[in-house]
Structure formats: C-alpha cells, structure tokens
Amino acid sequence: MAILDYEGFWKDALVQLQNDLREEEFSGWFSDMKYLRAGNNSIVIGVPSAFHRDKVISRYQSLVNSILKKVSGQDISLEMELISVDSIETEKKESFTTKSASQNEASTAAQPQETYKTKKKKEKHSQMRDDYTFERYVIGENNKFAANAAIAISENPGKAYNPFLIYGGVGLGKTHLMQAIGNYIHENSDNEVIYITSENFLNEYLEGLSQKTMNVLKNKYRYTDVLLIDDIQFFTDKPGVQEELFHTFNALLDAKKQLVFTCDRPITELKKFPERLISRFGLGLMVDLQPPRYEERCAILKSTAESKNVLIPAEVIDLLSNNISSNIRDLIAALNTLIAYTQLMGKPITLEIAQQRLKTIFNSPKQANLTMDNIIRVVSEYYGLTPNDLKGKKRSQNIVSARHLAMFIGREMTDYSTTEIGQDFGGRDHTTVMYSIDKIKDKLLTDPALEATIDSLKRSIKEFSAK
Ligand code: ADP
Ligand code: MG
C-alpha cells in the first residue's frame, strides 16, 4: 500500500477551504490550526481552545470531511486536539510576511504597507509613539484616500501635498496617521521632524511671551523640515497663537518644508479662525477619515490582537465589530478590557466572557448607532417628508413641527449637544435647537397624543438603527 501524505492532504484541503469560505471565516477559524500528525484514517489538527474545536465541529466538520475525501480520494476525517496558543503564535510569526496579505480583508487595500518594512534601525522619535506606524495602520475603504496621501507625503516630504490636513471625529485615527508620516520620515531620512499638540504649542507660545523667549520658539518651529501639529481646533478663538501659527506656516511653506495638521472638523467649520489662515489650507490637501465599516473593524481588531500576541476567536471579533461602531478608539479599548480581564483571570477569551464583560459598553447609546441622520430619516418618513425638508429652510407648518420633533428626539436619545444637533440640521445655531426643544416641551403639556407619537417614533428609530 502506498504511503499517504496526510500533511499534503491537509495543505490541499486548506487551499480548497480558503477558496470556499469567506476570507474572515477562513482566517478566523483555519489559520490558527496546526497540522499535528496522521491518525487512524484521520488527520489530527491542533486548535487553540475547546471553544474553537466545538465551533469547527458544529460548523465545518462535514465540509472539511468532504474536502478531505475529494483531495485524498480516501475516507479521512478531521480530529482536533487542543494545543497551547504559543506554539501557534510562533508559527504565525514565522510565516507572517508571506501570509499577511490573506490574513485580513482590509489588507488587500493595505498592501502599500509592505514597502514600509523597516530597513535600518534609528533612534526612536522622542515625541511620537513608536507603534503609530503605517505597518500598524489598517487601510480600508474609510481611510484609503487619506492613507495613500499620507504615504505619498512620507516618501516626498514638502513636495507631494503641502500643507496636509487630516480631519475627522474623535478616535478615527488622525493622530496615528499623522505620526505614521512623522515616524516614517524620521526613520528613512535625515529630515528633522517635530510633532506637537496644539495645546503644547499654545503653552510654549505663552511661555515665550512671559519669559521674553519668543525667538527660541520661532527658531525651533520655523526652521524644521517637517512640522506636525495635532488638533488645531484648539486654536479657535486664540488670536495670539493663531498669528504665530500663521507666520510659522508661511516660513515653512516658503522653504518647501512639510506641514501636517489634524482637526476634529473641516477647517471651514472652525469659527473664529481667521480667513487668511483658512485660505492657506486651501493651498494643500484636506482629507477626512470616515468611521470604519464592519470589515475594517474586524481587520483592526485582528491586527491589534496580533500585535499583542493574543488569539481572539472569530466569534468574538464578530461580536465586537457588530456592537462597537462609534470609533476605533472605543473598539480597541473594549478589546483591551477583554484581554486584561482574561489574562488576569487566567482564562481564554471566549464569546461568553466577551458578551458578559462588555455588556454595558454594547448597550450604551453611543454604540446603538443612534445618529442624527437616522433620527431625521425616521421622523421625516413618518410625516411623509424628506430628510432635506427637515435640514433645509422651508417654514411650512408641518415641516417646522417635524423638525422641532426630530431635534427634541435627538436630544433625548443621543449624547449630542445642541450645537452638534444644529450642525446636523443644515448648520443651525444651538439657540435655535434649544428653542425648538422648548416648543415640543410646551406642546407635551397640552397635547397628550404627542407623547405616544414620540414613543412610537423612538421605537422605530431604534429598530431602524439596529439594522
Ligand atoms: P484620533 O486622533 O482621530 O482621535 P487616534 O489616532 O488617537 O484617533 O486613534 C485612536 C486609536 O485607534 C489608536 O489606538 C490608533 O492606533 C487606533 N487606530 C485608528 N485608526 C486605525 C487604523 N486604521 N488601523 C489600526 N489602528 C487604528
Ligand atoms: Mg488625536
């Protein structure tokens, strides 16, 4: 009887599985397996946990057995044994460079990262986090434009896009991307890179004023090669430091030195920001970071777990990605909470533990996807109007009362401030929002049916948002 190559069968079966399954399914369940040995008409595979084994048995056993039959021409079945996580991790590390492109979905777009494998080691930059690099930055649909521009700038500082502004909401990766530019340039060239938060820039400016050492500040910032200033919305309504920024800006631009800024909103929405400063930004490139979609959330969790050498079952990745959609910072914080808890308790990360430990986070209004847009959609639909009717300027009675109601519900169901709500209603002032909310409060006193309408609208909004 010919000797059968069981390990070869297993490799063939994996190739077939990779074809048959969705990428995340395959990488979630099969990339953590390890061929151990041939059994009695079976192939023995190591898996990291009993949970993993049970899920593979219930979901994939018959598929795997039929594939094994196809590739080997024999009745060979799959057997699983538990092995320690470490042995899988070492394996994964060794094959990481060749496998990385297939390890997560978003990395199809993330391929440019490959060129960023470090060549020589230089001293780390003292002002930036060394893990805020392109290698650690998962690129997907939500951020690929921004990331590609950032990469172009890193390769050609001062020449590609200047100034470069990254804007977007809290926790969406502005600082990470900005520092990735800084770290890359620092590591791969002799250019001097300065990173500073706007708050510290202001402090140094105030110190310069009071100590009469302003020339120190000027020399430091006007003669660097790359200047990264984080969170410039902080300069709102601070004319002195804005003036200093303006001169620094001009000096560096004239010298063709790279400027990178981040801001929590589009620059044109900064109130009390001088026009001449705003128009300087128009000379360069402004890109926004959008919240990540489900696929990107999964990819970020996998990549974060990998960097910490922790194995997270696919079901847990799915659970977190489904329930935390606010921003990347919250997503990673939830993962860290889970890792810390399980390590402390000496337990593996399981779906049950994740559900239990993260319950309150999942149920918070922030994660319920209760956006003003969803609220506006449901309310306008209920009254046979369009979202633009509510956001626009029309003042007919039915539109005005639907608008008031949507603002009222927005304030009740979300954590948005009246300023933020006003912005979502075509840039209305917060006092207008407050006035509208008061109107509804008054009506509630005299119109008992209104309360029922509001309750029913709230239910529809929750349902709509959960989709
Ligand atoms: P922001 O400055 O926009 O508030 P940060 O840059 O501080 O956001 O990002 C918040 C967290 O999310 C950080 O831990 C960061 O490393 C992580 N993060 C953001 N975007 C990504 C991404 N695309 N890939 C991996 N991690 C990311
Ligand atoms: Mg930041």
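Because only heavy atoms are used, hydrogens play no part in the values below, and waters and symmetry mates are left out as well, while side chains stay in.
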How close do [X] and [Y] get, heavy atom to heavy atom, and via which atoms?
X    : Y    : result
F164 : A146 : CZ-O, 3.9 Å
S380 : P387 : OG-N, 3.5 Å
C263 : L165 : CB-CD1, 4.0 Å
F9   : L68  : O-CD2, 4.2 Å
P157 : I185 : CB-CD1, 3.7 Å

Hey, could you give me the [atom1]/[atom2] distance between [X] and [Y], rounded to the nearest 0.5 Å?
X    : Y    : atom1 : atom2 : answer
I332 : R297 : CD1   : CZ    : 13.0 Å
L331 : S325 : CG    : OG    : 9.5 Å
L14  : K11  : CG    : NZ    : 9.5 Å
L259 : I229 : CG    : CD1   : 7.5 Å
I181 : H176 : CD1   : NE2   : 11.0 Å
R377 : L385 : CZ    : CG    : 14.5 Å

Exercise. Show your working on side chain to side chain contact (heavy atoms under 4.5 Å, CB included) between L289 and Y167 and close with a plain yes or no.
Key: CA-CA 6 Å; L289 292 176; Y167 66 92; over 6 Å; no

When you measure from the side chain of [X] to the backbone N and O of [Y], does any donor-acceptor pair fall under 3.5 Å?
X    : Y    : answer
N143 : I139 : no
R293 : N142 : no
D5   : G8   : yes
Y35  : A38  : yes
R403 : D389 : yes

According to side-chain hydrogen bond (donor to acceptor under 3.5 Å, both in side chains), who are the partners of [X], at least two apart in sequence or on a separate chain?
X    : result
N322 : D318
S42  : E79
D447 : none

Taking only residues two or more places apart in sequence, or in another chain, which ones meet [X] in a ring pair (Phe, Tyr, Trp, His ring centres under 6.0 Å)?
X    : result
F30  : F26, Y60
F281 : F249, F261
F201 : Y221, F235

If you draw a 6.0 Å radius around [atom1] in [X], do more than 12 non-hydrogen atoms from other residues or ligands fall strictly inside?
X    : atom1 : value
F145 : CZ    : no
R428 : CZ    : yes
N40  : CG    : no
E381 : CD    : no
F273 : CZ    : yes
Q61  : CD    : yes

Self-check item: Residues in salt bridge (Lys or Arg N to Asp or Glu O under 4.0 Å) contact with D373, at least two apart in sequence or another chain
Solution: K391

Quiz item: With sequence neighbours excluded, what pairs up with N203 under the side chain to side chain contact (heavy atoms under 4.5 Å, CB included) test?
Solution: E199, N200

Quiz prompt | L358: partners by side chain to side chain contact (heavy atoms under 4.5 Å, CB included), with sequence neighbours left out | solution = L320, A334, T337, L338, I361, F362

What I'd like to find out is whether the side chain of [X] reaches to under 4.5 Å of the side chain of [Y], using heavy atoms alone.
X    : Y    : value
M33  : M80  : yes
P292 : L172 : yes
L177 : Y137 : yes
M128 : V193 : yes
Y184 : T133 : no
L301 : I312 : no
Q179 : T175 : yes
K441 : F408 : yes

Quiz item: Taking the six-membered ring for Trp, are Y195 and H125 ring centroids under 6.0 Å apart?
Solution: no

Self-check item: Pair listing, salt bridge (charged side-chain N to carboxylate O under 4.0 Å, His left out) test, anchored in residues 325-334, at least two apart
Solution: D330-K366

Quiz item: Do E420 and R411 meet the salt-bridge criterion of a basic N to acidic O distance under 4.0 Å?
Solution: no

Self-check item: SB check E187 K124 (cutoff 4.0 Å)
Solution: no

Quiz item: Hey, mind stepping through E412 and K458 against salt bridge (charged side-chain N to carboxylate O under 4.0 Å, His left out) and telling me if it holds?
Solution: CA-CA 10 Å; E412 291 231 312; K458 281 185 182 170; 2.7 Å; yes

Practice problem: Walk me through it: do N191 and S189 pass the test side chain to side chain donor-acceptor pair (under 3.5 Å)? | Solution: CA-CA 5 Å; N191 288 317; S189 74; 3.2 Å; yes

Quiz item: side chain to side chain donor-acceptor pair (under 3.5 Å): which pairs involve residues 63-77, sequence neighbours left out?
Solution: K69-D75

Quiz item: Checking side chain to side chain contact (heavy atoms under 4.5 Å, CB included) for the pair I454/L444: CA distance, chi angles, key distance, verdict?
Solution: CA-CA 10 Å; I454 291 177; L444 274 171; 4.1 Å; yes

Quiz prompt | Trace of the side chain to side chain contact (heavy atoms under 4.5 Å, CB included) decision for I339 with K308 | solution = CA-CA 9 Å; I339 293 175; K308 294 173 181 282; 3.8 Å; yes

Quiz item: Do we see a donor-acceptor contact under 3.5 Å between the side chains of T262 and D230?
Solution: yes

Quiz prompt | side chain to side chain contact (heavy atoms under 4.5 Å, CB included) partner of Q258, chosen from L228, V226, N156 | solution = V226

With a 3.5 Å cut-off and sequence neighbours excluded, list the donor-acceptor pairs that the side chains of residues 429-437 form with protein atoms.
| from | atom 1 | to | atom 2 | distance (Å) |
| --- | --- | --- | --- | --- |
| D429 | OD2 | T431 | N | 3.1 |
| D429 | OD2 | T431 | OG1 | 2.5 |
| S436 | OG | T432 | O | 2.7 |

